[in-house]
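Report on the following structure.
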Amino acid sequence: MGILLKGGKVVTAVDNYYADVRLEGEKIVSIGTNIGETDDDIIDVHDCFIIPGGIDTHTHFDLKVGATTTADDFESGTKAAIVGGTTTILDHPTQNKGESLKETLRAEHKRSDGVSYCDYGFHMGITDWSDETSNEMKDMIKEGITSFKMYMAYKGNLQVDDGVIFKALKRSKKLNALICFHCENGDLIDELIAEAEFSGNKSPYYHAMARPVEVEKEAITRLLIIAEIADAPVYIVHLSSKEGLISILDAKKRGVKVFVETCPQYLLLDDSYYGEKESKSFEGAKYVISPPLRKKYDQDALWEGISSGEITTIGSDHCSFNYKGQKEIGFYDFTKIPNGAPGVENRMGLIYTYGVVSGKISLNEMVAITSTNAAKTFGIFPKKGTIAVGSDADIVVWDPNFKSYIIAKEQTQNVDYNPFEGFEQQGRVKYEFLRGNKVISNAELIEKKPIGKYVFRKINK
Ligand code: URP
Ligand code: ZN
Ligand code: ZN
């Protein structure tokens, strides 16, 4: 017995066509007309789009930051992913100083295995470079990890220097792996923070002041010069600014291979959320994320970057902390506010509403940037990221007509606010399948067990 999705429009990164889709076991087994077996479970999906399950390239679940831990762990975070139409996430285990990558990986599996509702893989965060780390990059590939993560910010904690970036890139080039980079100049940020503090400027507004566009642009420019010398491809996470994008385009003209990710928050929210300079409000803490929110001018450039194909993936950078009790740690000092915001649940809906419905991108482009390109870049295509015979039956049946508002009180993610509170949304997940298992039916989460599996990725040759 299989499942037959009947009457819908199949949309991939390159095609739109009406066809029925049949799933059996974990796979898509046929696509066409007059298909199906007599005992199939037939689901009427007319007036809906059949799209590949979303792949969120950027989450931080169950992450310890200082003395606090993200509000969402793998259980609540992956449940929220499923509710929002995302069937695979790539999370960020991060090496503690003195720890081997194997230890970091073991701990991440302990946090995620057996509790996750969607499939999951990891970008391995490297913070403590040594010959041993270099050797272990190969071991990580044997464990199904084909991408790594390095930070050019968070000095004294996660930040790595240019020499380490160069050595790591030479190594990743040899292994055909990919390193993802957080691009902000951490040294400069610390100086700007010190200046703000010296002047008694301690409100969330000054978080953004201490991380101007230039610190992103400088780090991107520097990274891409290092990548050019190392002759290695790089992946830039959460691009926030037009200036950063201009540097990327310059480097591409020189032949540097660079993949670029942005996030819904940088496309849809601007720095007015930090409030006025003299405001005593702490509301801006909800938007204390790094890089910070920018200007409308940056948003327009990022949308253009998506349309022109220069930005190829959308990650949520979901890193949630409750406003009450967690963001409030920094009530008297913005530097103590844990950085990050939730987003995994709304990524697909926001891109559909403000990208496709508003006419900025096509539905095919939405599929490409929310799923297919991630699968291709991170070594899981065509197993995931498309609707094709033989692919995992990770399928979202998208009802394009339903309208709703984002309301934190109604969300699945385990955090007490939503940065997109009150945003109108069009479209929703009507049915969803994770490797052939029906997890959403009639827009309700019906899967009660954490059936998500670790995704073992392979190097792209
Ligand atoms: O503010 C953010 N983005 N927090 C998560 C960690 C990171 O830098 O991606
Ligand atoms: Zn980051
Ligand atoms: Zn992040």
Side-chain angles (χ1 to χ4, degrees), residues 55-66 68-73 77 81 89-96 108 120-127 147-160 165 179-186 189-190 193 204 206-208 210-211 215-216 219-220 223 234-241 244 259-267 269 271 273-274 284-294 313-323 326-327 329-330 334-344 347 374 378 413 415 417 419:
I55 301 175
D56 190 335
T57 47
H58 194 153
T59 66
H60 303 268
F61 296 148
D62 206 347
L63 174 72
K64 205 163 176 298
V65 175
T68 197
T69 302
T70 50
D72 282 293
D73 57 13
I89 57 102
L90 295 173
D91 201 74
H92 290 78
T94 305
Q95 177 190 31
N96 295 310
E108 181 82 343
Y120 54 95
F122 308 131
H123 306 291
M124 175 56 67
I126 296 174
T127 64
S147 50
F148 298 84
K149 172 76 176 279
M150 287 185 144
Y151 295 83
M152 298 172 82
Y154 307 121
K155 195 175 175 188
N157 184 11
L158 307 175
Q159 185 172 329
V160 289
I165 292 173
I179 307 185
C180 308
F181 286 90
H182 173 128
C183 296
E184 287 184 298
N185 182 321
I189 289 168
D190 273 10
I193 286 175
Y206 291 94
H207 168 77
R211 306 180 96 99
V215 303
E216 182 177 64
I220 288 175
L223 170 70
V234 292
Y235 180 95
I236 291 176
V237 301
H238 53 44
L239 176 71
S240 68
S241 65
F259 300 93
V260 187
E261 168 201 278
T262 190
C263 314
Q265 52 273 34
Y266 301 118
L267 293 165
L269 306 176
D271 61 2
Y273 284 86
Y274 295 114
K286 293 177 178 172
Y287 305 92
V288 167
I289 58 175
S290 298
L293 300 174
R294 306 295 190 191
T313 45
I314 304 283
S316 65
D317 196 7
H318 183 103
C319 187
S320 60
F321 297 99
N322 287 315
Y323 181 65
Q326 292 196 291
K327 290 286 188 180
I329 294 168
F334 74 86
T335 65
K336 300 203 164 47
I337 300 171
N339 281 211
V344 71
R347 188 183 66 108
F378 292 114
Q413 49 201 13
V415 54
Y417 78 100

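What you see is a predicted model; the values in this text were computed from it and never measured. Order of appearance sets the numbers: ligands from 1, and atoms from 1 within every ligand.
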### Message
Do Pro291 and Tyr266 make a side-chain contact, defined as non-hydrogen atoms from C-beta onward lying under 4.5 Å apart?
### Response
yes
### Query
Going by heavy atoms in the side chains, are Ser290 and Tyr154 under 4.5 Å from each other?
yes
### Query
Among Asp56, Thr70, Thr59, Asp72, whose side chain to side chain donor-acceptor pair (under 3.5 Å) with His318 holds?
Asp72
### Query
Nearest 0.5 Å, what's the CD1-SG distance between Ile289 and Cys319?
10.5 Å
### 2.8 Å shell around the Zn ion (ligand 2), exclusive bound, protein N/O/S atoms
2
### Query
To the nearest 0.5 Å, what is the distance between CD1 (Ile179) and CE (Met150)?
5.0 Å
### Task
Look only at the side chain of Tyr274 and the backbone of Tyr287, and say whether a donor-acceptor pair between them is shorter than 3.5 Å.
yes
### Message
Just checking: His58, one of its N/O/S atoms, less than 2.8 Å away from the Zn ion (ligand 3), yes or no?
### Response
yes
### Task
Under the ring pair (Phe, Tyr, Trp, His ring centres under 6.0 Å) rule, collect the residues that match up with Phe181, sequence neighbours excluded.
none
### Message
Which residues pass the side-chain hydrogen bond (donor to acceptor under 3.5 Å, both in side chains) test with His58, not counting sequence neighbours?
### Response
His60, Glu261, Asp317
### Query
Does NZ or CZ of Lys286 lie under 6.0 Å from the centre of the six-membered ring of Tyr323, at an angle within 45° of the ring axis?
yes
### Query
Under a 4.0 Å heavy-atom cut-off, which residues neighbour ligand 1?
His58, His60, Tyr154, His182, His238, Ile289, Ser290, Asp317, Cys319, Asn339, Gly340
### Message
In terms of relative ring orientation, are His207 and Phe334 parallel, tilted or perpendicular, with 30° and 60° separating the classes?
### Response
perpendicular
